[in-house]
Amino acid sequence: MCFPFSSAANSPWIQQHPECGYNLVNSPHLKPAWVLDRALWHFSCDIADGKYEDQGLPDLIQNDGHLDKIRGALNKDVFPRIKLWEFFQIGVDKVMQKFQELLESGKELKSKAEGTAELTIIQDPRYRRFGCTVDMSAAQGAFVPDSDSPEAIKECCSRLRKKLEEMNEKRCQEIQFHQEQAINCMMGNVAYDRLADHGPKTGPITRKDPLVTRYFTFPFEEMTLDEEQLLMHDAEKACHFLAHNGWVMGDDPLRNFAEPGSNVYLRRELVCWGDSVKLRYGNKPADCPYLWAHMKKYTEITAKHFSGVRLDNCHSTPLHVAEFMLDAARAVRPELYAVAELFTGSEELDNVFVNRLGIGSLIREAMSARDSHEEGRLVYRFGGEPVGAFAQPSLRPLVPSIAHAMFLDVTHDNECPIQIRSVYDSLPSSAIVSMASCATGSTRGYDELVPHQISVVKEERLYSKWNPEAEASDVGEVSLKSGIIAGKLALNRLHQELAAKGFIQVYVDQVDEDIVAVTRHCPSTHQSVVTVSRTAFHDPKNHRKDEKSINGMPEYTVEITEHIQLKDSRIVKQAEVTSKGRNEFVQEIVFERLTPGSVIAFRVSLDPKAQELVGVLRNHLIQFSPHYKSGSLPDSEAPAILKKSLTSIMSRLTLADMNVLLFRCDTEEQEDGGGCYSIPSWMPLKYGGLQGFMSVMAEIRAKNDLGHPFCDNLRQGDWMIDYVSNRLVSRLGALGEVGEWFKAIFGYLKHIPRYLIPCYFDAILVGAYTTALDAVFKEMSSFVQNGSTFVKHLALGSVQMCAVGREPALPPLSPELDDVPYRLNDSTRKKEQCCVSLAAGLPHFSSGIFRCWGRDTFIALRGLMLITGRHIEARNIILAFAGTMRHGLIPNLLGQGSSARFNCRDAVWWWLQCIQDYCTLVPNGTDILVCPVSRMYPADYAKPQPPGVLDQPLYEVIQEAMQRHAEGIDFTERNAGPQIDRNMQEEGFNVAVNVDPDTGFVSGGNRFNCGTWMDKMGESEKAGNKGVPATPRDGAAVEIVGLSKSAVRWLMELYEDGVFPFAAVTVLRGGKEVSWSYEDWNNLIQKNFEKKFYVSHDPKDPNEKHPDLVHKRGIYKDSYGASSPWCDYQLRPNFTIAMVVAPELFTTKRAWEALEIAEKKLLGPLGMKTLDPDDMVYCGVYDNALDNDNYNIAKGFNYHQGPEWLWPVGYFLRAKIHFAKMLGPETYEKTVFLVKNVLSRHYVHLERSSWKGLPELTNENGQYCPFSCESQAWSIATILEGNLYQNWISPGEALRGASHFRPWEREELMKVKQPTGALPPIARACNRNPWNAEELPSDHVYTIPGDSVGQGCTSHVCRASVGGADFVPTRVHGQRLQVQRNSQVPSLTRSTSGHMVVPHTPSHSLAGLSHCTDVFPWSSAPLVSGHLGHRTWQSTVWTLRAIGRCSSPAWQSSSYTELSNPGAIIFQQRTVRNW
């Protein structure tokens, strides 16, 4: 059934309700087109009546000369008479009269078109001849008389008249251009209809078959053209002149070509359906109530009685109308199968219709192929997965793909294939179509070999009657013996069997110009069916057309031989069997007589040994997914390692082992003498571990890109396979056991056919990878275990960054400390500590002395180690850095302790913050305070000492840091000069830190160094910035003040709780040592912070030292007391850090305003701008390779002057959450929405990143920065903390275990919801087995691909929101998509007008997802199996042969040469390889 988007022109209801169509009353813009249409009708009648015969134009058009006569008559007689331009021209006399009256009256008008400089024509809305006008006010402004005298007015009017006449002439030229286009379109139609060999050759021009199709109805008696034109002005009659429907070649299908602004009818561009009227729905039911109600009722009746509908010419359908009607239909039948015919010319536009309307299949047609190569390409395009395709997870991201197809050999209204190709092509083309793994269909007449086009409008003859007993030669009757009906039945039967048995993979081989081999492959059993078809696209002939009935060609029929042995075939013979390698045997088949019109089908299976190996391999994969049970075989001789589950093997791995198994970038691998796997002619993988392979396969798998260099490498040899196992085997221990497991299972993989290796390699690695992830998360905190997929992905950053290298990165811990890991040194064979260290970022800061940085480590440690539950390893890192303390500072660059640089002022405060967090978050966390610290430097200038020489409890080291700051720190770095920094000036090596006794602020630095995280040192001699810090931030940096306030408050509380033995530091005041308590220090900072840092709205604020430097108010300064005072007033994101660690410093109202300003000015898609974009030195693009004369950007000088860094976002979000709670529920809810939207963008990036990390920074507006670390520890850590702080509960409670939560708290913690409207698709259900979809919260976005429907997958409801994706879920019920289990379809009944093969899985798929849909044929019967060489096989030969009146076989005609022995077709497991 077709849906109601047009109506028959003779329908009684449209005559009673003409307002439902486009007529001359409701659409007066069509009047000129209607006049032209009537003029063309009268011209056609004159030709039919012989009035143009004397001019050489007869009623029968036979040559191009006749076409020229028609063109001449149109230009000479038709268009000049109707003067269409007059509908678009100005009535000059009328306008001039009004203009002259205005000038004489002296009255001025206000222009309706303010600001319009040029006079333009205003179209008459009623489209009367010369009814157009101009804006009189604009005319007055453009044409002003020199005076009020009559002569001046007359002269002015003369100028305007000339202008109006020029405008009319220009409009006349425009309309004449449209007329030329109209003539060209008409000539094209006439040439096709009456002259073209591939056209219908309509015959003489008559009133029944006019020269051109009429565009409008005319339900009145014949009259003259002049009389007809008078009817335009009679509304009672003009309303019945209704525009016909049709379609426009190459037009925008989303544009309504009948609405004002379109000239389609005037230019005769419409391919018109002369029997139907275009319906005028408007934008809503209120625009045409009767039409919407009438068609809704019709739609509901249709849906009640039919399981599916075909949306014919869907591209001509207003989308909003189609949506409304389909919603009404699905209210009656929720599982309605909607098939659409779309000619948009764009797959992108196709997807708009598919997604908006919930279309199940798009009509695709083999007749659109111009040759056999194109026909084969259509099968490959629409017909299923490629052979050897990857097993897709049940939950995965949406990926671009074509809409599901219903593939027809020919549709109902297209040319007859016999006329375009030849009669011998009917069977092979049907065979090619039937081998597509999608819905298939046909049109009656094709199978009966009807040799001419059957008009869907004008055809009045009847089809031949079905008689099972009829012979092929019987006229007027058809049976299985007629045409190719028997062959089509066998093809449909085969198509159904292949679909039912899971033959969903397709391979197409263009053997030569005419021969196409198509393979259907079952991915579970690896059985294949191969059809080889010899097409006949050449030498079409004209055949007899019966005038009484729709006739076929009884002289042609199909000869079928089924279930034959190879030795009995007259077409092929068996040749030799050759070997291509391990368990790969190739059976050659020689084709001796594959004549045009022939089809042969083989059933092919793997070599028995290869089949056994695949079955055993699938058996071992069942532990990862029940998907592999089908086709599996037990393995009685399995190696011992494979008898253990991989889960039990991996349970022995530590998280440090998991770093080796999953990650390690190239520089880390090189430290061990190896490197990441590199694919020749492509690139190295990002990691040596499984993630390196998984990242590439994730891209390949979704697209089934089997031609990727990665897949080629796997097919060509075992190098990659051996790399995976050997890399782990060499590690020995638990990792070595995992390597042995890989080696054993790869033993099977190596011996299966090479084309299957990519998909099974992927299956093994996916299973191992997800098993490893499960093991990882079991070792982490309950927050991670119960967290969202996003939380788990972020938590993997802990495994990614925390590693043990070949050389210990951390200095040794005290020998007295418990729970310190040890190993034997490979070189010395001595016992050494092997503590995990935390890399700053990958790949640039992953190995050697540049791996560990104090500041980076302790900004990241809370998120990556404390929140994830890695408490012992976090403790060890804290104590290791404590052991390197010098001058009261911990190192910036650790350099294994012995090569440390103590050149930053903030690292020690981040270290103290981490100790505080450890005490707060870890059970019995304060125990760390008494842990022994081995001091590498017992004194500031001592040489490095071995562990155990001087041990102190951690609390003493903490006190030393506080004491040294209170006393003041002042020293010059050791080895100062180019040997440690080639760019820094001499003064920059001087490190000075003190505590301001008036404010309590920790201050320091100078204009030659940069002691905070914004530490870019100028490098360009050309620009003159070498040795100059871009951001010295000397004085009191806001985040250091916040961190120090947090530390003194914490120590004060620890002392009060009796946990910390020191209440104060000793300072020198007035030449005397006095005790300065932490309480006093804390209060002093509290008292002065907002006075000194807040930029008030009061211009006369007495606390403001430099009011002239203020350029933004309501913010917090970035520093206080800088050597360049204007730097204090720069807006940067650092104040948000102080807000998180010491929120008590901030007034809520002021804090919120500052955060709002930061959100507006600094927040980017992923990161935060490091400088206000309003600042004169802002530059958001970081290019460290650029060396020019621009001081502000040369050699990356703007590193922290605009580029958007990710890690401050975590503190910004936490600050927003904290202060939003204080402002009430409404503000809090809005803030939660903001936080979730921001975090969702990080999720999208994390999902798509091949590094599976978050970058160090981006350029402005989130643009990729090639100089950034691809994965940065502190970026991942702070975003993970942002997820933790989405919950109402405190982070401490969140980390102590779910058992301590109240029910509503546990629910909140476990959800960690993603925001509606900004969610990315979820690739995996909680990172577990990707074939087993777990039940997720309803506010997660996830998709159920079509190929999982009905295969044990739970029905789910998907939200219509996909963050960062270009696809929207299908509309099924309102705005929601429901994917349901397979449903039964009523049995097929054969129609008198043809047949269609209907899918038995009516599913509503996304345009971005396609899947195989099985089909029902007319009948079915199993094939009989035989044996061919080393394979089981079945073959069926269909050959179209000539009988009856044909004197000689067609394959012996001049167009074809009989093949005696053209070559050998080689079967290699699944398909025809070459000819």
Pair Ser695, Glu699: side-chain N/O donor-acceptor within cut-off below 3.5 Å: no
Ring geometry between Phe693 and Tyr677 (parallel below 30°, tilted from 30 to 60°, perpendicular above 60°): tilted
side-chain contact (heavy atoms from CB on, under 4.5 Å) assessment of Phe742 paired with Ile764: CA-CA 9 Å; Phe742 274 115; Ile764 293 169; 4.1 Å; yes
Electrostatic pair Arg618:Asp635 at N-O distance under 4.0 angstrom: no
N/O donor-acceptor pair under 3.5 Å between Lys1252 side chain and Glu1247 backbone: yes
Note, Tyr1243 side chain near Ile1279 side chain (heavy atom, < 4.5 Å): no
Euclidean distance, Gln691 CD relative to Met697 CE, rounded to 0.5 Å: 9.5 Å
Pair Glu668-Tyr687, side-chain donor/acceptor within less than 3.5 Å: no
Expected output: side-chain Asn659 to main-chain Leu655 donor-acceptor under 3.5 Å: no
Whether Asn825 side chain and Lys830 backbone form a donor-acceptor pair below 3.5 Å: no
Whether Glu1256 side chain and Gln1272 backbone form a donor-acceptor pair below 3.5 Å: no
side-chain hydrogen bond (donor to acceptor under 3.5 Å, both in side chains) involving Lys644 - partner list, sequence neighbours excluded: Glu737
With Tyr918 via ring-ring contact (aromatic ring centres under 6.0 Å, His included) - residues at least two apart: none
Check: Asn876 and Val836 side chains under 4.5 Å, non-hydrogen atoms: no
Interatomic distance, Leu794 atom CG to Ser788 atom OG [nearest 0.5 angstrom]: 8.0 Å
Cys834 vs Pro808 side-chain heavy atoms within contact, under 4.5 Å: no
Under-4.0 Å salt bridge between Arg875 and Asp818: no
Working for side-chain contact (heavy atoms from CB on, under 4.5 Å), residues Leu661 and Leu735: CA-CA 7 Å; Leu661 176 63; Leu735 276 171; 4.1 Å; yes
Under 3.5 Å donor-acceptor, Arg664 side chain and Cys676 backbone: no
Reported OH-to-SG distance for the pair Tyr755 and Cys711, which is rounded to 0.5 angstrom: 14.5 Å
Polar side-chain atom of Thr857 near backbone of Gly854 as donor-acceptor pair, under 3.5 Å: no
Pair Tyr1182-Asn1259, side-chain contact (heavy atoms from CB on, under 4.5 Å): steps then yes or no: CA-CA 6 Å; Tyr1182 173 59; Asn1259 286 333; 3.8 Å; yes
Min side-chain heavy-atom separation Cys835-Leu813 under 4.5 Å: yes
Any donor-acceptor N/O pair, Trp1205 side chain to Gly1167 backbone, under 3.5 Å: no
Parallel, tilted or perpendicular, as decided by the 30° and 60° cut-offs, for the rings of Trp1207 and Trp910: perpendicular
Student check: side-chain heavy atoms of Thr1258 and Gln1263 closer than 4.5 Å: no
Pro821 and Glu873, any side-chain heavy atoms less than 4.5 Å apart: no
From CA spacing to verdict: side-chain contact (heavy atoms from CB on, under 4.5 Å), Ile649, Ile641: CA-CA 9 Å; Ile649 296 172; Ile641 190 70; 3.9 Å; yes
Close side-chain approach of Arg855 to Trp1274, heavy-atom, < 4.5 Å: yes
Salt bridge flag under 4.0 Å for residues Lys686 and Glu1270: no
Gln785 (side chain) donor-acceptor with Lys778 (main chain) under 3.5 angstrom: yes
Salt bridge flag under 4.0 Å for residues Asp657 and Arg652: no
Donor-acceptor contact present, side-chain Arg870 to main-chain Ser798, <3.5 Å: yes
Tyr748-Tyr760 aromatic ring centre distance below 6.0 Å: no
Show the atom names and distances, to 0.1 Å, of all donor-acceptor pairs under 3.5 Å that link a side chain in residues 838-849 to residues at least two apart or in another chain.
residue : atom : partner : partner atom : Å
Ser846  : OG   : Thr667  : OG1          : 2.5
Ser846  : OG   : Pro843  : O            : 3.1

Point-to-point distance, once rounded to the nearest 0.5 Å, from CD1 of Ile700 to SG of Cys759: 12.5 Å
Side-chain donor/acceptor of Arg862 to backbone N/O of Asp917, under 3.5 Å: no
Separation between CD1 of Ile878 and CH2 of Trp911, rounded to the nearest 0.5 Å: 8.5 Å
Any Leu706 side-chain heavy atom under 4.5 Å of Val387 side chain: no
